[in-house]
Asker: 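One structure coming up, written as structure tokens, with questions to follow.
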Amino acid sequence: MRKTFVLLFAICAWVSTYAVEFTSEKLTETLNEWNAFSKNYPNEIAWAKAVADSGLYSVNDKGDVEYTFIIKASDTLDFAKLKEVTIDYIQYYFKIGNDARANLVQGSTEKSVFFQGYLSKYAYLQTGLGAVYYYTSDIIFDIKFKEDRIKFTVRVPDFVYHVGANRFSQKLQRLDPFMHYKHYNRNERDVEAKAMINLLSKTISYASWYMVYLNENYKAADNSDEDW
């Protein structure tokens, strides 16, 4: 009898919430294309050249790296719950504290979340003298909700190249691994190629991780009326 009760309790708990499936055809296609590039080119410079000539080289009119994906939901979305899970995702991946989370909650609307984060040292060059030159960037999420879909836009305004105490902002078109500037040595071209590849990879990956996070963490209440 006890086993039957436990089973019935588990069934009731399961039907009280149900998973909503989140999918994006464009995001899936983009991931597949990106993974194919990663397997087909022997080094970063060859990879960067190929990506620069492909549709994955996604740059807006301002020169920002920008990707937009529509993520569709299999059921009507609860905006309050979706906002909470979206902020959970940002807090998880960017390790923001409770104060930053509170500001993010207050700065978001019922149907949108806007966040600016930071990417540190995603490509670097270390010289024989111990000096380290590296790239960082801000990264911006603009996430908008509709009843059955989400518009996820991820944008990086600049590559910031750190040389000692100096900082130089560059747009994606300014990175040169596929241009062979004569004053660049092989190591300098390599680190620029890595910066380009890693930055594009991160922007695509954050969209993918968001969809995975939604599928694992978003639950919607069963609002069907009960007959007594």
Asker: Crowded around Asp99 CG? As in, over 12 foreign heavy atoms under 6.0 Å?
Answerer: no

Asker: Using side-chain heavy atoms (C-beta onward) and a distance below 4.5 Å, is Asp78 in contact with Tyr218?
Answerer: yes

Asker: Hey, does Arg149 have a side-chain heavy atom less than 4.5 Å from the side chain of Ile71?
Answerer: no

Asker: Would you say that Phe141 contacts Tyr206 through its side chain, given a criterion of any heavy-atom pair below 4.5 Å between the two side chains?
Answerer: yes

Asker: Report yes or no: does Lys49 contribute a side-chain atom to a donor-acceptor pair with the main-chain N or O of Glu44 at less than 3.5 Å?
Answerer: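 Not confirmed, Lys49 side chain does not pair with Glu44 backbone.
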
Asker: When you measure from the side chain of Asn166 to the backbone N and O of His162, does any donor-acceptor pair fall under 3.5 Å?
Answerer: no

Asker: Under a 3.5 Å distance rule, please check whether Thr203 uses its side chain to pair with a backbone N or O of Val154 as donor and acceptor.
Answerer: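 The answer is no, because no donor-acceptor pair under 3.5 Å joins these two groups.
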
Asker: Counting distance only, does the side-chain N/O of Ser74 pair as donor-acceptor with the main-chain N or O of Glu21 below 3.5 Å?
Answerer: yes

Asker: What's the spacing between Leu27 CG and Phe22 CZ if we round to 0.5 Å?
Answerer: 13.5 Å

Asker: Cation-pi check, Lys83 to Phe79: give yes when NZ or CZ is under 6.0 Å from the six-membered ring centre and within 45° of the ring axis, no otherwise.
Answerer: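 No - Lys83 does not lie over the ring of Phe79 by the 6.0 Å and 45° rule.
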
Asker: Any chance you could measure Tyr93, atom OH, to Ile139, atom CD1, to the nearest 0.5 Å?
Answerer: 12.5 Å

Asker: If we only count heavy atoms from C-beta on, is the Trp34 to Ser201 side-chain gap below 4.5 Å?
Answerer: yes

Asker: Using a 3.5 Å distance criterion without hydrogens, assess whether the side chain of Asp158 forms a donor-acceptor pair with backbone atoms of Ser169.
Answerer: no

Asker: Check whether the ring centres of Phe152 and Phe69 lie less than 6.0 Å apart, and answer yes or no.
Answerer: no

Asker: Any Lys/Arg nitrogen of Lys144 or Asp142 sitting under 4.0 Å from an Asp/Glu carboxylate oxygen of the other?
Answerer: yes

Asker: Side-chain donor-acceptor pair under 3.5 Å between Ser120 and Thr136, yes or no?
Answerer: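 No, because no side-chain N or O of Ser120 sits under 3.5 Å from a partner of the opposite role on Thr136.
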
Asker: Between Phe37 and Tyr41, is the ring centre distance below 6.0 Å?
Answerer: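 So the answer is yes for these two rings.
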
Asker: Answer yes if the ring centres of Tyr161 and Phe168 are under 6.0 angstrom apart, and no otherwise.
Answerer: no

Asker: Do Val156 and Leu199 come within less than 4.5 Å of each other through their side chains, counting heavy atoms only?
Answerer: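 When only atoms from C-beta onward are counted, Leu199 and Val156 do touch, with a gap below 4.5 Å.
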
Asker: Is the charged tip of Lys111 near the ring of Phe145: under 6.0 Å from the six-membered ring centre and within 45° of its axis?
Answerer: no

Asker: Taking Tyr213 for the side chain and Val85 for the main chain, is one N or O donor matched with an acceptor at less than 3.5 Å?
Answerer: no

Asker: Taking atom types as modelled and ignoring hydrogens, do the side chains of Thr109 and Ser112 form a donor-acceptor contact shorter than 3.5 angstrom?
Answerer: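 Thr109 vs Ser112: donor-acceptor pair found between side chains.
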
Asker: With a sphere of 6.0 Å drawn around CG of Asn98, does it hold more than 12 non-hydrogen atoms of other residues, nucleotides or ligands?
Answerer: no

Asker: Using every non-hydrogen atom in the two residues, find where Leu172 and Met196 come nearest and quote the distance to one decimal.
Answerer: CD1-CG, 4.0 Å

Asker: Using atom types as modelled and distance alone, determine if a side-chain donor or acceptor of Asp64 lies under 3.5 Å from a backbone N or O of Glu66.
Answerer: no

Asker: Can Tyr135 and Gln170 be said to form a side chain to side chain donor-acceptor pair (under 3.5 Å), step by step?
Answerer: CA-CA 10 Å; Tyr135 282 92; Gln170 298 174 314; 3.3 Å; yes

Asker: Does the side chain of Glu188 come within less than 4.5 Å of Leu125's, by heavy atoms?
Answerer: yes

Asker: Taking atom types as modelled and ignoring hydrogens, do the side chains of Tyr210 and Thr86 form a donor-acceptor contact shorter than 3.5 angstrom?
Answerer: yes

Asker: Would you say Leu214 and Ile150 make side-chain contact, with heavy atoms under 4.5 Å?
Answerer: yes

Asker: If we ignore hydrogens and angles and just use 3.5 Å, is the side chain of Gln116 paired with the main-chain N or O of Ile140 as donor and acceptor?
Answerer: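 The answer is no, because no donor-acceptor pair under 3.5 Å joins these two groups.
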
Asker: Please say whether more than 12 non-hydrogen atoms of neighbouring residues, nucleotides or ligands are located less than 6.0 Å from CD in Glu33.
Answerer: yes

Asker: Tell me which one of Trp209, Tyr118, Phe115 satisfies ring-ring contact (aromatic ring centres under 6.0 Å, His included) with Phe94.
Answerer: Phe115

Asker: I need the Lys171 NZ to Lys62 NZ distance, nearest 0.5 Å.
Answerer: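 Taking NZ in Lys171 and NZ in Lys62, the distance rounds to 8.5 Å.
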
Asker: When you compare the side chain of Asp148 with that of Asp75, does any pair of heavy atoms fall below 4.5 Å?
Answerer: no

Asker: Which value, rounded to the nearest 0.5 Å, describes the distance between Ile90 atom CD1 and Lys95 atom NZ?
Answerer: 13.5 Å

